[in-house]
Amino acid sequence: MTTKLLNLVLILAICSTFVICNAGGPKKQNFYKKNDVRDNYYAEHCPRAEEVVQSITEKHVLSNPSLPAKLIRVLFHDCFVRGCDGSVLLDSTPNFQSEKEAIPNRGLSGFDVINEIKATLENECPEIVSCADILTLATRDAVSFQYGRPLWKVPTGRRDGTISLASEVLGNIPSPFSNFTVLKNDFERKGLSIADLVALSGAHTIGVGHCNLFSRRLFNFTGNNDQDPSLNPKYANFLRSQCEGPNDRTTTVEMDPGSSLSFDNHYFQILREDKGLFVSDATLLTNKKARKFTKKLLNPKKFFDEFAKSMEKMGVIEVLTGTQGEIRKQCNFVNNN
Ligand code: HEM
Ligand SMILES: *[C@@H]1O[C@H](CO)[C@@H](O)[C@H](O)[C@H]1NC(C)=O
Ligand SMILES: *[C@@H]1O[C@H](CO)[C@@H](O)[C@H](O)[C@H]1NC(C)=O
């Protein structure tokens, strides 16, 4: 009897404390979604999921050192169109051209690696692990491989979208010809700040760009056969020597010359020497706040911290969770239930 009473008092005490805490503090429920992504979402139903992603990804990076650049660009293009829902992975159907067909996405690759991981995981735990999570994890593991430790955290539990429209790409993927104001707005619409824009542009420390996307800066910037005054003149000469001419759509150059396979903060060093490849790179120096931040990111530790923070933000843009979307059986097709 007394024990029961004590229990009741205890419960009441705990409850009222909870209520008081809840009423007094900020309304946390508004920000906390029950089905939000979380660390190790697959621990129970597919405990080896993250291991499988990592081992297959690393196997491919060993034979293809440009894979990290390919994957991180695919992830960026996924997250900026309908959120990180794997929509960029879908193939076109007879009725719809998918995101892959849109001009900014035509050069994307690495899909075969995602599909191989998916096939392996479907064998091990069918219809559990989303393609959106596979892409997010594989990107992290590919970029991190050279360091032998994960460079940022990837909470999981994303679900796969069922819609992928080529027509939605141009309006959402930032253009290499854009000025700072436009880029800032592009990122703001995805919940990303100027700091995120600057830090994430640091991904251009790996990979390559096609001549036609920066040749105007070399040959005919304002229409008077001039070059972009914000481009380092010596570097412009070098770039001109690499490209066939103003309409060369096939030649690529390293975005971070000499170190385009190494993920590091060297991008910010060359950027500040006016050697950013695209107008969208150079323009980061035209805004006071952004320019100041590029200077901070010359410090490697600061760069890795900030890049990690911004990748974690980009990786959860408009994610589908809970019962939204589906878990695809194949990453390039929606399920046909
Ligand atoms: C700030 C806005 C951005 C613009 C305008 C932009 C634009 C571009 C363009 C035009 C290319 C070259 C494509 C080609 O010639 O094939 C490129 C490549 C690349 N971008 Fe961006 N990008 C931006 C932000 C990002 C972000 C946020 C990431 C990742 C976090 C990223 C990662 C990459 C990588 C790794 C490559 C090289 C891909 C390869 O080597 O295949 N970019 N970007
Ligand atoms: C940036 O580009 C947009 C779109 O082309 C243009 O309307 C705007 O005037 C430009 N802003 C600056 C500061 O050049
Ligand atoms: C340079 O641009 C101007 C104005 O857009 C154009 O009339 C001219 O034909 C271009 N020159 C070359 C060599 O492409």
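Basis for what follows: all heavy atoms, side chains included, without hydrogens, waters or symmetry-related copies. Bear in mind the structure is a predicted one, so any value in this text is a computation, not a measurement.
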**Student:** Going by atom types alone, do T294 and R272 pair a side-chain donor with an acceptor below 3.5 Å?
**Tutor:** yes

**Student:** Okay, side chain of S92, backbone of S98: is any donor-acceptor separation there less than 3.5 Å?
**Tutor:** yes

**Student:** Using modelled atom types and a 3.5 Å cut-off, is there a donor and acceptor pairing between side-chain atoms of N335 and backbone atoms of K329?
**Tutor:** yes

**Student:** In terms of side-chain geometry, is the basic nitrogen of K309 or E312 positioned less than 4.0 Å from the acidic oxygen of its partner?
**Tutor:**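 No.
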
**Student:** Determine yes or no for a side-chain-to-main-chain donor-acceptor pair under 3.5 angstrom, with E254 supplying the side chain and G258 the backbone.
**Tutor:**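 It does hold such a pair.
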
**Student:** Honestly curious: do L137 and W152 fall in one hydrophobic cluster under the side-chain, below-4.5 Å linking rule?
**Tutor:**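 Yes, it is one cluster - the side chains of L137 and W152 are joined through contacts under 4.5 Å.
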
**Student:** Looking at F96, I want to see if its CZ is surrounded by more than 12 non-hydrogen atoms of other residues, nucleotides or ligands under 6.0 Å.
**Tutor:** no

**Student:** Show your working on side-chain hydrogen bond (donor to acceptor under 3.5 Å, both in side chains) between D133 and T156 and close with a plain yes or no.
**Tutor:** CA-CA 6 Å; D133 276 342; T156 42; 4.8 Å; no

**Student:** Apply side-chain hydrogen bond (donor to acceptor under 3.5 Å, both in side chains) to S259 and D256, showing your working.
**Tutor:** CA-CA 6 Å; S259 137; D256 179 8; 3.2 Å; yes

**Student:** Identify the heavy atoms of C211 and D248 that sit nearest to each other, and give their distance.
**Tutor:**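 Smallest interatomic distance, heavy atoms only, reads CB-O, 3.3 Å.
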
**Student:** Would the distance check show the side chain of R140 and the main-chain N or O of Q54 forming a donor-acceptor pair, the cut-off being under 3.5 Å?
**Tutor:**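 No, the answer is negative, given that no donor and acceptor are paired below the 3.5 Å cut-off.
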
**Student:** Using a 6.0 Å distance limit plus a 45 degree cone around the ring axis, check whether K275 lies over the aromatic ring of Y267.
**Tutor:**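 That pair does not qualify as a cation-pi contact.
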
**Student:** Is there a path of hydrophobic side-chain contacts, each under 4.5 Å between heavy atoms of I, L, V, M, F, W or Y residues, that connects I194 with F76?
**Tutor:** yes

**Student:** Within the distance-only criterion (no hydrogens, no angle test), does the side chain of T286 pair as donor or acceptor with the backbone N or O of T283 below 3.5 angstrom?
**Tutor:**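 Yes, the answer is positive, given that a donor and an acceptor are paired below the 3.5 Å cut-off.
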
**Student:** Find out if a path of hydrophobic residues (ILVMFWY) with successive side-chain heavy-atom gaps under 4.5 Å connects L271 to L200.
**Tutor:**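 In one cluster with L271: L200, yes.
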
**Student:** Counting the benzene-type ring for Trp, do F303 and F263 have ring centres under 6.0 Å apart?
**Tutor:** yes

**Student:** Do S262 side-chain atoms and D264 backbone N/O form a donor-acceptor pair below 3.5 Å?
**Tutor:** no

**Student:** Would you please test K190 and N172 for side-chain hydrogen bond (donor to acceptor under 3.5 Å, both in side chains) and show each step?
**Tutor:** CA-CA 9 Å; K190 306 298 166 186; N172 286 292; 2.9 Å; yes

**Student:** Going through the distances and angles, do D281 and H204 end up as a side-chain hydrogen bond (donor to acceptor under 3.5 Å, both in side chains)?
**Tutor:** CA-CA 9 Å; D281 296 306; H204 287 178; 3.0 Å; yes

**Student:** What closest approach, in Å, do Y42 and I128 show between heavy atoms, and which atom pair accounts for it?
**Tutor:** CE2-O, 3.1 Å

**Student:** Examine L320 and V37 and state if one hydrophobic cluster contains both, with Ile, Leu, Val, Met, Phe, Trp and Tyr joined whenever side-chain heavy atoms are less than 4.5 Å apart.
**Tutor:**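 As far as the 4.5 Å side-chain criterion goes, V37 and L320 are not connected within one cluster.
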
**Student:** Decide whether D226 and T222 meet the rule of one side-chain donor and one side-chain acceptor closer than 3.5 Å.
**Tutor:**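 The answer is yes; a qualifying pair exists.
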
**Student:** With no hydrogens and no angle check, is any side-chain donor or acceptor of D160 less than 3.5 Å from a backbone partner on S130?
**Tutor:** no

**Student:** Do S178 and L183 have side chains that get closer than 4.5 Å, going by heavy atoms?
**Tutor:**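 Result yes, sub-4.5 Å side-chain heavy-atom pair found.
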
**Student:** Under a 4.5 Å cut-off applied to non-hydrogen side-chain atoms, are L71 and L75 in contact?
**Tutor:** no

**Student:** Is there side-chain contact between N332 and N115, with heavy atoms separated by less than 4.5 Å?
**Tutor:**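 Yes, close enough: below the 4.5 Å cut-off.
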
**Student:** Can D305 and K301 be said to form a salt bridge (Lys or Arg N to Asp or Glu O under 4.0 Å), step by step?
**Tutor:** CA-CA 6 Å; D305 283 354; K301 178 170 183 331; 2.7 Å; yes

**Student:** Between E124 and R48, does the salt bridge (Lys or Arg N to Asp or Glu O under 4.0 Å) criterion hold? Intermediate values first, please.
**Tutor:** CA-CA 9 Å; E124 190 150 332; R48 284 191 356 103; 2.8 Å; yes

**Student:** Report, as yes or no, whether the 6.0 Å neighbourhood of atom CD1 on I103 holds more than 12 heavy atoms from other residues, nucleotides or ligands.
**Tutor:**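 Not more than 12 within 6.0 Å, no.
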
**Student:** Please indicate whether K153 has more than 12 foreign heavy atoms, meaning atoms of other residues, nucleotides or ligands, lying under 6.0 Å from its NZ.
**Tutor:**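 It does not: K153 NZ has 12 such atoms or fewer within range.
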
**Student:** Are Y147 and F304, when compared by the centres of their aromatic rings, separated by less than 6.0 Å?
**Tutor:**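 Centroid separation for Y147 and F304: below 6.0 Å.
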
**Student:** With rounding to the nearest 0.5 Å, note down the distance linking CG in N265 to CG in N299.
**Tutor:**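 Answer for the CG-CG pair, N265 versus N299, is 7.5 Å.
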
**Student:** Within the 4.5 Å heavy-atom criterion, are L231 and L218 side-chain neighbours or not?
**Tutor:**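 SC-SC contact between L231 and L218 confirmed.
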
**Student:** Would you give the length of the straight line joining atom CG of L239 to atom CD of Q227, rounded to the nearest 0.5 angstrom?
**Tutor:** 9.5 Å

**Student:** With distance as the sole test, does R328 use its side chain to make a donor-acceptor pair with the main-chain N or O of C331 at under 3.5 Å?
**Tutor:** yes

**Student:** Could you pull out the closest heavy-atom pair between R217 and L277, with the gap in Å?
**Tutor:**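 So the two residues come closest at NH1-O, 2.8 Å.
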
**Student:** Tell me, with the steps shown, if H77 and E99 meet side-chain contact (heavy atoms from CB on, under 4.5 Å).
**Tutor:** CA-CA 9 Å; H77 285 210; E99 291 172 23; over 6 Å; no

**Student:** Rounded to the nearest 0.5 Å, what separates atom OG in S230 from atom CZ in F221?
**Tutor:**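 With rounding to 0.5 Å, OG (S230) is 6.0 Å from CZ (F221).
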
**Student:** Quick one: closest heavy-atom pair of R159 and T321, and the distance?
**Tutor:**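 So the two residues come closest at CD-C, 3.9 Å.
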
**Student:** Run the salt bridge (Lys or Arg N to Asp or Glu O under 4.0 Å) check on K313 and D196 step by step: do they pass?
**Tutor:** CA-CA 8 Å; K313 271 173 85 174; D196 296 318; 2.6 Å; yes

**Student:** Kindly say whether C84 contributes a backbone atom to a donor-acceptor pair with the side chain of E318 at under 3.5 angstrom?
**Tutor:** no

**Student:** For N220 and N225, work out which heavy atoms get closest and say how close.
**Tutor:**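 Looking at all heavy atoms of both residues, the closest pair is OD1-N, 2.8 Å.
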
**Student:** How long is the straight-line distance from CD1 of I327 back to CG of L121, given to the nearest 0.5 Å?
**Tutor:** 11.5 Å

**Student:** Locate the shortest heavy-atom distance separating A203 from I72; write the atom from each residue and the value.
**Tutor:** CB-CD1, 4.3 Å

**Student:** Quick one: does K118's side chain get under 4.5 Å of C131's, heavy atoms only?
**Tutor:**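 In contact.
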
**Student:** Look at the side chain of R82 and the backbone N and O of V319, then say whether any donor-acceptor pair between them is shorter than 3.5 Å.
**Tutor:**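 Not confirmed, R82 side chain does not pair with V319 backbone.
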
**Student:** Should L213 and F177 be marked as a side-chain contact (heavy atoms from CB on, under 4.5 Å) after you check the CA-CA gap, both sets of side-chain angles, and the distance that decides it?
**Tutor:** CA-CA 8 Å; L213 299 177; F177 308 108; 4.2 Å; yes

**Student:** Show the numbers, then the answer: is there a salt bridge (Lys or Arg N to Asp or Glu O under 4.0 Å) between K100 and D91?
**Tutor:** CA-CA 7 Å; K100 278 181 188 176; D91 286 348; 2.5 Å; yes

**Student:** Just how far is it from atom CG of L285 to atom CG of D274, taken to the nearest 0.5 Å?
**Tutor:** 6.5 Å

**Student:** Can you tell me if R106 has over 12 outside heavy atoms packed within less than 6.0 Å of its CZ?
**Tutor:**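 Yes - once you tally the heavy atoms of other residues, nucleotides and ligands closer than 6.0 Å, there are more than 12.
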
**Student:** Report yes or no: do T120 and N123 form a side-chain donor-acceptor pair below 3.5 Å?
**Tutor:**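 Short answer, no.
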
**Student:** Hey, could you give me the CG/OG1 distance between N287 and T181, rounded to the nearest 0.5 Å?
**Tutor:** 8.0 Å

**Student:** Hydrophobic cluster membership, with links at side-chain heavy-atom distances under 4.5 Å among I/L/V/M/F/W/Y: are V169 and I317 in one?
**Tutor:**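 Shared cluster, yes.
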
**Student:** For residues M255 and F278, determine if any side-chain heavy atom of one lies less than 4.5 Å from a side-chain heavy atom of the other.
**Tutor:** yes

